[in-house]
Every structure is written in structure tokens, then in C-alpha cells.
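Worksheet for the structure shown next.
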Amino acid sequence: MDALKFYYTQRSGIEIRDDLRPGYGRPAGHLDVAPNKGDTEVPYGDAYTLDVRGGWYDAGDHGKYVVNGGISVHQLMSAYERDKTAFADGQLTIPESGNGVPDILDEARWELEFLLSMQVPDGRQQAGMAHHKIHDVAWTGLPLLPHLDPQQRTLHPPSTAATLNLAATAAQAARIFAPYDAAFAARAMTAARKAWAAAVANPSVLADPADNVGGGPYDDKDVSDEFYWAAAELFITTGDKPFADFVMASPHHRGDVWLERGFDWGHTAQLGRLQLAAVPNALPDRARVRASVLKGADTYLATLRSHPYGVPYGPPDYDWGSNNLILNNMVVMAVAHDLSGKEKYRAGVREGMDYVLGRNALNQSYVTGYGEVAAKNQHSRWYARQLDASLPNPPRGTLAGGPNSAIQDPVAQRLLKGCAPQFCYIDDIESWSTNELTINWNSPLAWIASFLADRGKRASCTVSYAAHGPAGQIRLTNTGKKTIEGWSLRWWFPDGRRVARDWGAEFSQSGPVVTARGPAVRPGRSVVFGFLSDRAKGASPEVFLLDGARCA
């Protein structure tokens with residue numbers, strides 16, 4: 001949970017309560033309280049202002065970026081969507097705990113509300129698109145707590161990439177939040193469709209690579225991958241044929257998307273491929289899509305096995321944020337395990353995690369609070385104990401970017417000149433090129449940590465599911481050698497459906513998660529039961545857990 005708890009202390013626009021995070025409390029940042037200029041009326045030139053309070057600070061600075069926020073909030077929602085039984089209300093100790101919604105979704109919503117606020121209003125030029133980013137007019141120094149930042153904040157021009165990130169994540173949110181807040185789900189769906197239409201109308205509005213004063217440019221020369229990801233999420237949520245047609249026609253749909261370096265905010269076709277494979281949908285060639293994930297995972301597993309430190313990452317030079325790329329390659333192997341049940345993929349994920357936690361050339365754990373020698377001085381303006389003893393180090397569970405062969409910052413250039421790839425790292429707060437923290441680096445860490453936490457148990461059972469309009473019928477078969485006593489079978493609906501009537505078992509439902517309980521089932525025997533839902537059609541559930549372990 002520590003990797004997820006990281007996000008609360010990255011929040012903008014809200015007081016971070018010390019009773020919830022002892023030692024990390026601070027006033028709200030970037031509201032209309034001096035010396036902040038605030039995020040409530042941020043100008044876009046002379047055209048208009050937007051209220052863009054909230055969201056997460058992207059990294060160790062005070063900027064907020066839609067493309068980094070997009071992949072980050074997507075991976076949190078994806079972790080939840082992978083196993084909706086694993087996340088509960090109250091797990092993260094955040095202000096929203098106790099509201100009946102899983103904390104991971106409350107945390108995701110904090111960022112989603114910000115992303116929605118970045119959409120260009122109706123009646124304005126490029127309406128429906130999303131502004132690329134918001135940050136200070138100039139770079140600030142270290143240390144500087146958010147509430148003490150005196151600089152003017154500015155909105156930067158809309159981009160197609162940001163717009164498609166909004167379309168993808170809002171479409172994903174629409175189906176995930178439906179059981180908890182139908183109004184918010186509907187608002188997200190409206191924003192997603194509007195963003196998609198705006199991106200189609202403005203397909204090549206690219207972020208300026210020279211827009212790097214006060215914040216990173218996050219420029220991207222090719223947004224065809226973002227189009228693919230957004231279309232995939234929109235199709236999964238709506239089932240609409242135009243989105244399926246777009247997915248099927250995309251060059252990313254049949255191409256090899258499994259880059260050696262992994263994926264990140266600038267390479268998102270992999271997100272579309274993984275979602276189409278893992279989340280229930282009716283894409284005509286879904287079996288081929290699922291097979292392609294296994295093929296990609298086999299490639300990363302072969303790289304891991306040939307690597308002396310067991311890393312599923314093989315470029316000759318290490319990229320900026322190499323740890324995040326390694327973890328994202330591990331996500332591919334984890335999804336392959338979920339699809340196939342093959343232990344080799346799970347074993348590969350465990351071995352890759354060993355590298356992140358210290359089995360590497362530096363004998364260095366890159367996660368704060370984990371390992372005898374762990375990173376603790378990540379680049380940050382408010383987790384800045386190395387510069388100011390009154391401030392804390394980053395909280396437990398914070399990932400450092402890791403080795404970066406390019407060593408762009410002065411500290412790294414002075415101390416790491418001529419370094420071999422795995423040695424191109426230093427735990428120094430000034431080394432922003434090797435030791436930064438970011439929301440999109442912690443998101444795959446949280447995803448993988450949740451995957452490993454469930455231990456990959458498989459139950460001695462099979463489940464067959466048949467849908468007939470609003471009715472569903474389930475056959476549970478005991479494939480083991482022992483009687484299943486007093487069983488409890490859990491699954492979740494991909495949409496906002498609810499059980500209206502049931503037969504053959506005792507049903508209960510919490511949010512999207514349904515639990516059916518029944519009497520003993522002897523070896524080789526089956527039990528059949530079913531339900532009537534409150535809607536005529538929807539994607540069928542695909543994951544069933546018997547007493548916490550997955551059935552085939």
C-alpha cells in the first residue's frame with residue numbers, strides 16, 4: 001500500500017493532514033492564499049482562465065501535466081480493474097476513507113477531476129481539447145514547499161496527446177465509477193466523447209519541444225499510439241462499432257508494440273493492447289490480442305533470463321526513468337500470467353522486482369524504506385531533508401527514476417562521468433536525471449506490488465458463464481480431489497450492473513463485486529446457479545475467485 005499512499009502527499013490544492021501522514025503534513029498548495037497566485041483562475045494568455053485546482057504534482061516540482069497524469073491515473077484504475085476484490089475503503093488512510101468507495105478510486109478521482117478541468121470549454125477555440133500542462137512561469141529552486149511558491153501559474157496550449165489521454169482515462173473512469181457515482185461516470189463519459197471528437201478534428205496539434213521554461217515540454221511527435229489507446233478504452237466502455245473499427249484499422253493493433261525499452265507516457269499503444277487483452281470486451285480478434293501479450297511477455301522473459309541481474313530490459317544504454325520502464329515490462333509479464341496462469345511469468349515478475357529492491361550492480365534499493373541500502377534523497381522541493389533538516393525525506397514506497405546513461409544534471413555529470421549503465425545513478429537530491437520521483441514512475445510500482453500481493457493462487461475449480469439478456473448462469477465445477485465445503489465465489493461486473501434477483505445460491509453485492517455462497521461440492525461434481533441483472537446486456541465477467549483463489 002505504500003506505493004499507493006505516495007499519491008496523497010503529492011496532492012495539490014488540499015491540506016496534507018499530519019494526522020494521516022505523520023511528519024508530512026503541510027498547508028494546501030496553489031490556492032488563493034499568499035504567496036501563491038493560485039490555480040483557481042489560471043490564465044491561458046488573454047483568452048480565458050480556468051479553475052484547475054487539485055490533481056497531483058507531477059514530480060518533485062509544482063507542475064501538473066495531463067500526459068503524465070493520464071498514464072498514472074490509468075495504471076491506478078487498471079490495478080483496481082484487474083482485481084476489484086483487492087481494494088477496499090479505508091486501505092490508504094486518506095480524507096475520503098469511510099465514504100463507501102475503495103480508497104484507490106478516491107485517489108484516482110482526485111487526479112481525474114483535475115484532468116477534466118483541463119478541457120477547453122465549449123464556445124472557445126479548440127473546444128473539447130485538453131491543455132497540455134500547467135506550471136510556474138519559471139523554474140523554482142530547492143527546497144520550496146508548494147504553499148510557499150510565489151510564482152504566477154500559466155496554462156499551456158492544448159495538444160492532441162493531452163486530449164487523447166483525457167479521452168482514454170475518462171472513458172475508463174466512466175465504467176469503473178458507474179457502480180459508485182453514476183453522475184460522475186456520466187460526466188466522465190461525456191468528456192471522453194467530446195475529447196475524442198476534438199482529437200479527431202485536430203489530429204496533429206503537438207506540444208512544443210521548446211516549451212521547457214518552468215516545466216518539462218513532454219513533447220511527442222507521434223500520437224497515433226494515443227489514438228489507439230483512447231479508441232480501445234472507448235470501445236471497452238461503450239461497445240460502439242466505430243471505436244472497434246478504429247482499433248482494428250490502427251497500425252498498432254497488429255504491429256509489435258513490445259519495445260525493448262518498455263512503454264511510458266510517450267508510448268501508449270501498449271496500454272491499449274493490454275486493456276483489450278485483460279478487460280472484458282467483444283473485439284472480433286481478441287484471442288489474437290491476448291496471444292500477442294503472451295508473445296511480448298516471452299520476449300521480456302527471455303531478456304530477463306539472459307541478463308546477469310535478471311532484468312527484463314535490454315538496451316545498451318539505460319533511459320531516463322529506467323526503473324519505470326523495467327516495471328512496465330513487468331506489467332506485460334503479469335498480464336500474461338493472468339491470461340495464461342503460467343507460473344513462469346509470475347516468477348519473472350518476482351525476479352524483476354528483486355532488481356528494483358536491490359539485487360543490482362549498486363546493491364541499491366530504489367524504493368524508499370525498503371532494503372538495507374535504500375534511496376532516500378529523491379529530487380523534490382518538499383521532501384528535501386538533504387537540504388533542510390526540518391523537511392522529511394520522501395515517504396516509504398517512493399520510487400527513484402534509476403540509472404540513466406545520459407546523466408544530464410551537473411551532479412551526475414561531475415560524479416558519474418564514464419559510468420556503465422547500471423552505475424549511472426546517485427542518491428542525491430540534485431541529481432534530477434537519475435534520482436527524480438514522479439507520479440508515473442510510482443504507478444507501475446503500485447500495479448506490480450498489488451499483483452505480487454495476491455500470490456497468484458489458483459483454485460481447483462472451473463467456472464463457465466452463460467449470458468441470456470439480463471440473465472446470467474454460472475456452473476462451478478470442483479476439479480480437485482477434496483470436497484469444497486461451504487464455498488464462496490466472487491466476481492465483478494465490468495460495468496455498473498446490479499443483481500436484481502438470484503437463484504440456486506445466496507447472493508450479495510458491494511459496488512461491482514458480487515459474492516455467491518452455496519453448499520459443499522464433491523470432487524468431479526458441479527453446482528449451477530444464476531441471477532437476473534438490472535440491465536439487458538453488458539460485458540460478461542471473466543475472473544472468478546473461489547475463496548480468494550482464481551478458478552480456471
Side-chain angles (χ1 to χ4, degrees), residues 77-91 98-106 108-109 171-186 188-189 236-239 278-282 338 454 459 461-478 484-521 525-552:
M77 290 191 290
S78 175
Y80 170 78
E81 202 163 21
R82 175 186 172 267
D83 184 354
K84 295 178 182 178
T85 70
F87 299 96
D89 184 16
Q91 280 180 319
N99 67 355
V101 177
D103 283 357
I104 191 172
L105 295 187
D106 285 320
R109 183 165 176 170
Q172 184 184 16
R175 65 178 180 265
I176 288 175
F177 281 87
Y180 297 104
D181 189 333
F184 176 70
M189 193 70 250
I236 292 170
T237 299
T238 68
V279 181
N281 66 86
D338 286 346
D454 72 12
C461 56
T462 61
V463 169
S464 62
Y465 178 89
H468 307 281
Q473 178 175 290
I474 297 169
R475 178 181 292 271
L476 170 65
T477 301
N478 182 352
I484 300 173
E485 302 284 356
W487 52 268
S488 173
L489 188 73
R490 304 179 83 188
W491 69 90
W492 52 89
F493 291 125
D495 46 37
R497 274 183 294 167
R498 296 197 64 81
V499 172
R501 290 164 50 193
D502 57 68
W503 56 270
E506 180 185 341
F507 279 67
S508 60
Q509 184 170 357
S510 176
V513 179
V514 181
T515 303
R517 295 179 173 86
V521 183
R525 303 298 294 272
S526 301
V527 61
V528 179
F529 52 96
F531 61 88
L532 190 67
S533 69
D534 61 355
R535 65 181 63 178
K537 63 178 182 178
S540 297
E542 296 180 348
V543 177
F544 294 85
L545 305 175
L546 182 67
D547 299 327
R550 290 196 177 206
C551 286

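Sequence positions, counted from 1, serve as the residue numbers for this chain. In what follows, every heavy atom counts, from backbone to side chain, and hydrogens, waters and symmetry copies are set aside.
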Using side-chain heavy atoms (C-beta onward) and a distance below 4.5 Å, is S508 in contact with R517?
yes
Spacing of OG1 belonging to T515 relative to CH2 belonging to W492, to within rounding of 0.5 Å:
11.0 Å
Which heavy atom in S540 sits nearest to a heavy atom in P280, and how many Å separate them?
O-CB, 3.4 Å
For F544 and W491, take the angle between the two ring planes, folded into 0 to 90°, and tell me which bin it lands in: parallel under 30, tilted 30 to 60, perpendicular over 60.
tilted
Distance col, row D547:CG vs R490:CZ, nearest 0.5 angstrom, shows 10.5 Å
Atom pair CG/CG of D83 and D454 - distance to nearest 0.5 Å
6.5 Å
Taking all atoms of both residues into account, what is the closest heavy-atom pair of S533 and R535, and its distance?
OG-O, 3.0 Å
With D495 via salt bridge (charged side-chain N to carboxylate O under 4.0 Å, His left out) - residues at least two apart:
R497
Go through the steps for Q473 and W503 under the test side chain to side chain contact (heavy atoms under 4.5 Å, CB included), then give the verdict.
CA-CA 9 Å; Q473 178 175 290; W503 56 270; 3.9 Å; yes
All heavy atoms of A86 vs all of Q91, minimum pair found to be O-NE2, 3.1 Å
Tell me the salt bridge (Lys or Arg N to Asp or Glu O under 4.0 Å) pairs involving residues 498-509, sequence neighbours left out?
none
With a 4.5 Å cut-off on side-chain heavy atoms, are K84 and F493 touching?
no
Could you tell me which residues satisfy side chain to side chain contact (heavy atoms under 4.5 Å, CB included) with N478, sequence neighbours excluded, listed by chain and number?
I484, V521, P523
Please determine whether side-chain hydrogen bond (donor to acceptor under 3.5 Å, both in side chains) holds for the pair R175 and T237, giving the CA-CA distance in whole Å, both sets of side-chain angles, and the decisive distance to 0.1 Å.
CA-CA 6 Å; R175 65 178 180 265; T237 299; 2.6 Å; yes
Minimum heavy-atom distance between A174 and A188, given as atom pair plus value
N-CB, 4.2 Å
E81 (side chain) donor-acceptor with V279 (main chain) under 3.5 angstrom:
no
Can you tell if the side chain of I176 reaches within under 4.5 Å of the side chain of L105, non-hydrogen atoms only?
yes
Could you check whether any side-chain heavy atom of F531 comes within less than 4.5 Å of a side-chain heavy atom of V514, counting everything from C-beta outward?
no
Give me the atom names and distance for the closest heavy-atom approach of R82 to R550.
O-NH2, 3.6 Å
Any chance the rings of F529 and W487 have centres within less than 6.0 Å?
yes
Where is the tightest heavy-atom contact between A539 and P494, given as atom of each residue plus distance?
O-CD, 3.4 Å
Looking at CG of L489 and CG of L476, how far apart are the two atoms once the value is rounded to the nearest 0.5 Å?
5.5 Å
Could you tell me which residues satisfy salt bridge (charged side-chain N to carboxylate O under 4.0 Å, His left out) with D181, sequence neighbours excluded, listed by chain and number?
R109
Partners meeting ring-ring contact (aromatic ring centres under 6.0 Å, His included) with Y80 (sequence neighbours left out):
none
What is the distance from atom OG of S488 to atom CG of L546, rounded to the nearest 0.5 Å?
7.5 Å
By ring-ring contact (aromatic ring centres under 6.0 Å, His included), which residues pair with Y180, not counting sequence neighbours?
none
Flag the pair V101 / D89 as yes when at least one side-chain heavy-atom distance between them is below 4.5 Å, and no otherwise.
no
